[in-house]
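Some notes on the structure that comes next.
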Amino acid sequence: MRFTKLITKTMRTDPAEAEMPSHRYMLKAGMIYQVASGVYAYLPLAWRSLRKIEAIIREEMDAAGGQEIRMPVLQPIELWQESGRSEAFGDTLFTLQDRRDRTMVMAPTHEEVISYLAKTYIQSYRDLPVIPYQIQTKFRDERRPRGGLIRVREFDMKDAYSLDADEDGLEASYQAMAQAYRNIYKRCGLPALMVEADSGAIGGKDSHEFILPAPTGEDTVMTCTKCNYAANLEKAHGVKPPLPEETPLPLEEVSTPGVKTIAELARFMGIPENKTLKAVFYNADGEVVFVTIRGDLEVNEVKLRNHLKATDLHLATEEEVRRAGLIAGYASAVGLDGIRRVADDSVLLGSNYVVGANKPDTHLRNANYPRDFQVDDLLDIALAQAGQRCPCCEGVLESARGIEVGHIFKLGTFFSDTLGVHYLDREGHQQPVIMGCYGIGIGRLLAAAIEQNHDDKGVLFPTPIAPYHVHIVGLNLSDANVAKAADGIYESLWKEGIECLYDDRLEETAGVKFNDADLLGLPVRLVVSQRTLKTDSVELKRRGEESSVLAPLESVAEKLKDLLSA
RNA sequence: CGGGGCGUAGCGCAGUGGUAGCGCGCAUGGUUUGGGACCAUGAGGUCGUGAGUUAGAGCCUCACCGCCCCGACCA
């Protein structure tokens with residue numbers, strides 16, 4: 001591609017609205033064009049990159065036994081009502097009315113259609129397993145689109161669905177997909193972490209996310225320094241540091257006027273925060289729930305919501321707390337009744353805690369479980385913390401930010417049960433099909449790749465997903481000899497199968513061209529100029545490296561192939 | 001949905017009641033040419049939309065729309 005023929009241009013000034021690097025550089029480089037909040041046009045450079053990602057995904061999905069299909073975006077809402085997911089998705093679901101005033105859904109995902117498809121074609125265990133997949137546009141009316149292509153309302157996704165006869169089959173399909181995913185990220189040049197993830201409202205047993213580490217990521221992952229334990233913070237377990245055992249002392253009231261927070265309490269009493277119990281009040285689908293946890297830990301709301309099986313979980317308002325008879329700042333499980341009490345198992349890991357007395361300006365010393373208080377549920381609901389011990393080995397947990405670039409789920413029989421997807425086993429008995437689903441957001445993967453690979457001048461594309469391999473910069477192109485040489489190199493490299501973007505602009509200065517080359521971030525920059533031609537050579541430089549080399553004209557293609565495969 | 005910010009030329013912005021501007025980009029001509037050159041001339045604007053206040057509104061008032069950021073939310 002010649003720069004002068006490209007329908008886009010680069011910008012000189014940073015777009016003011018874009019804060020995340022991937023967003024800023026994609027706009028600045030003319031890779032994407034915003035049409036509405038969370039809705040973008042993909043322009044030639046981005047599109048080439050996206051097509052390369054798709055090609056890698058297709059190859060790996062096919063190699064793993066997938067079969068590409070194409071399902072409709074437009075779907076009758078009845079499908080979603082039957083599965084119950086029109087409610088679960090709520091206003092994230094894009095809907096519209098057709099001419100007969102029937103409500104149609106712009107599909108956010110395709111389990112429903114896959115299930116109906118399976119009802120038609122899956123009749124016997126002989127028909128299983130199968131893994132249909134597609135690459136297609138999804139629509140989700142996100143509450144807050146953000147960060148360019150990171151979170152959008154219309155996006156391309158590869159979604160695959162495994163249909164199996166039994167749990168072992170699901171396990172095999174799941175592992176095959178997990179391996180395909182590892183291959184995909186590796187081939188894209190992107191080191192993604194596979195981490196245990198929360199499986200969300202639909203449930204199911206297992207779920208893993210693929211996270212690309214990047215400081216601007218929305219997710220936090222906990223990884224072990226020693227073994228390969230890795231989990232999303234929402235799901236992660238850390239070993240809670242136990243406290244030395246003490247002889248239980250008698251419960252004792254202490255006056256603590258104005259002391260409300262754990263920090264204040266610890267300071268006031270002259271004890272560490274882990275010698276206190278924190279009380280937190282939640283509203284779970286309208287019911288106020290009392291939650292207690294050791295003072296040095298925080299509640300993991302995802303774990304709590306899963307345990308309570310709540311659709312909506314949020315901190316209770318002051319009014320709700322008051323109506324429930326709780327005294328904020330001085331609450332504890334001691335003597336508490338008539339309200340659901342949930343405790344983190346950290347209450348077991350210490351003794352003689354300082355807790356609220358359930359009356360104003362008063363705390364209790366030496367509270368011990370279960371001597372002094374009881375709870376309805378006792379389980380792990382704590383947020384893992386960096387520095388805690390790994391649940392699997394002697395290692396220590398570290399935390400890092402990252403972007404979710406893939407998610408795989410063992411769905412189990414949720415859809416089969418709800419929508420009636422069955423097959424006959426060897427004995428002629430009807431069995432539910434066991435499902436798994438596997439998604440990769442294509443555009444987000446591109447954005448995440450840029451989040452992870454950029455500097456202050458622009459993008460550093462990993463070679464496998466770069467729109468072109470080589471950025472040819474022609475300087476002094478008003479000199480006919482240089483122009484001829486540059487054109488010649490451009491033509492001959494394409495013949496060698498090396499994809500080139502050729503900056504053939506006559507009027508731009510060297511500085512402008514170099515800056516654009518840095519912005520676009522193709523793996524290798526090739527400069528042709530009067531200067532290089534004096535020695536019948538061109539200059540080659542890898543993006544991100546300072547040093548460049550001169551390569552003789554006759555061996556340019558060879559030299560480039562070396563550089564690109566390095 | 002709660003909080004904050006912003007809508008003026010393609011991009012970035014100034015303009016606090018009195019002729020709509022600046023920088024970049026764009027067009028033409030010329031001089032330049034290895035890290036965002038220079039000179040000259042020029043094109044380009046329903047000032048987000050609608051009502052209102054005023055003799056007069058880009059500017060004041062109200063409503064609406066859109067976009068960004070934080071949070072909530074996110075099979």
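First the proteins, then the strands, lettered A, B, ... as listed; each starts at 1.
The same atom, P, is picked in U8(B) and in C60(B); the two are 15 Å apart, to the nearest Å. Separation of the P atoms belonging to A43(B) and A37(B) is 26 Å when rounded to the nearest angstrom.
Rounded to whole Å, atom C1' of A37(B) lies 14 Å from atom CG of Leu475(A). The distance from atom CD of Glu142(A) to atom P of C67(B) is 15 Å, rounded to the nearest whole Å. Whole-Å rounding puts the Arg12(A) CZ to G12(B) P distance at 16 Å. Glu87(A) places its CD atom 15 Å from the C1' atom of A75(B), with the value rounded to the nearest Å. One interatomic measurement links the two molecules: OH of Tyr161(A) to P of A75(B), which rounds to 14 Å at whole-angstrom precision.
Within the nucleic acid shown, Asn515(A) comes within 4.0 Å of at least one base atom, counting heavy atoms only. Using a 4.0 Å heavy-atom criterion, one finds that Leu519(A) contacts no nucleic acid atom at all. The residue Lys513(A) sits apart from the nucleic acid: no heavy atom pair falls under 4.0 Å. Heavy atoms of Lys457(A) sit under 4.0 angstrom from at least one base atom. Among the atoms of the strands shown, base atoms are found under 4.0 Å from some heavy atom of Ser529(A). Thr532(A) comes within 4.0 angstrom of a nucleotide base, judged by non-hydrogen atoms across all strands. At the heavy-atom level, Gly474(A) lies nowhere under 4.0 Å from the strands shown. Across all strands shown, Arg305(A) has heavy atoms under 4.0 Å from sugar-phosphate atoms exclusively, and none from any base. Gln530(A) comes within 4.0 angstrom of nothing in the nucleic acid, heavy atoms only. Across all strands shown, Met20(A) has no heavy atoms under 4.0 Å from either base or sugar-phosphate atoms. The residue Ala36(A) sits close only to the backbone: its heavy atoms come under 4.0 Å of sugar-phosphate atoms, none of a base.
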Sequence-aligned protein contact record of nucleotides 27-32 of chain B, with B where the base is within under 4.0 Å of a protein heavy atom and S where only the sugar-phosphate is: ------
B/S/- contact track for nucleotides 38-49 of chain B, protein heavy atom under 4.0 Å: ------------
Under 4.0 Å protein heavy-atom contacts per nucleotide of nucleotides 3-11 of chain B, with B for base, S for backbone only and - for none: --------B
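Partners of Tyr181(A) under the ring pair (Phe, Tyr, Trp, His ring centres under 6.0 Å) rule, at least two apart in sequence or in another chain, are Phe210(A). Under the rule for a salt bridge (charged side-chain N to carboxylate O under 4.0 Å, His left out), Glu154(A) has no partner lying at least two apart in sequence or in another chain. The side chain to side chain donor-acceptor pair (under 3.5 Å) check on Tyr282(A) picks up Glu301(A), with sequence neighbours excluded.
Shown here, A40(B) forms a base pair with U28(B); the pair counts as Watson-Crick or G-U wobble because both key distances fall under 3.5 Å. Across all strands shown, G34(B) remains unpaired; no Watson-Crick or G-U wobble contact has both distances below 3.5 Å. Remark: A55(B) base-pairs with no nucleotide; criterion is Watson-Crick or G-U wobble with both hydrogen-bond distances under 3.5 Å. Searching all strands for a Watson-Crick or G-U wobble partner of C22(B) with both distances below 3.5 Å returns G12(B).
None of Ile114(A), Val130(A), Ile69(A) except one satisfies the side chain to side chain contact (heavy atoms under 4.5 Å, CB included) rule with Tyr161(A); the exception is Ile114(A).
Between the side chain of Arg144(A) and the base of C74(B), no donor-acceptor pair of N or O atoms lies under 3.5 Å. Counting distance only, with no hydrogens placed and no angle test, the side-chain atoms of Asn476(A) and the base atoms of G34(B) include no donor-acceptor pair under 3.5 Å.
A donor-acceptor contact shorter than 3.5 Å links the side chain of Asn300(A) to the backbone of Leu233(A).
With salt bridges taken as basic N to acidic carboxylate O contacts below 4.0 Å, one links Asp455(A) and Arg543(A). Looking at Lys235(A) and Glu209(A), no side-chain N of the basic residue comes within less than 4.0 Å of a carboxylate O on the acidic one, giving no salt bridge.
No more than 12 heavy atoms of other residues, nucleotides or ligands sit less than 6.0 Å from atom CD of Glu87(A). Other residues, nucleotides and ligands contribute more than 12 heavy atoms inside 6.0 Å of the CD atom of Glu319(A).
Which of A72(B), G35(B), C67(B) sits closest to the side chain of Arg143(A) comes down to A72(B).
Because its NZ or CZ atom is both nearer than 6.0 Å to the ring centre of Phe514(A) and within 45° of the ring axis, Arg525(A) counts as a cation-pi partner of that residue.
Here Arg146(A) does not reach the OP1 or OP2 of C67(B): none of its side-chain N or O atoms lies under 4.0 Å away.
Relative ring orientation between Tyr25(A) and His454(A) is described as tilted, the plane-to-plane angle lying within the 30° to 60° band.
Using a 4.5 Å heavy-atom threshold, the side chains of Ser162(A) and Tyr438(A) count as touching.
Between the side chains of His23(A) and Glu17(A), no donor-acceptor pair of N or O atoms lies under 3.5 Å.
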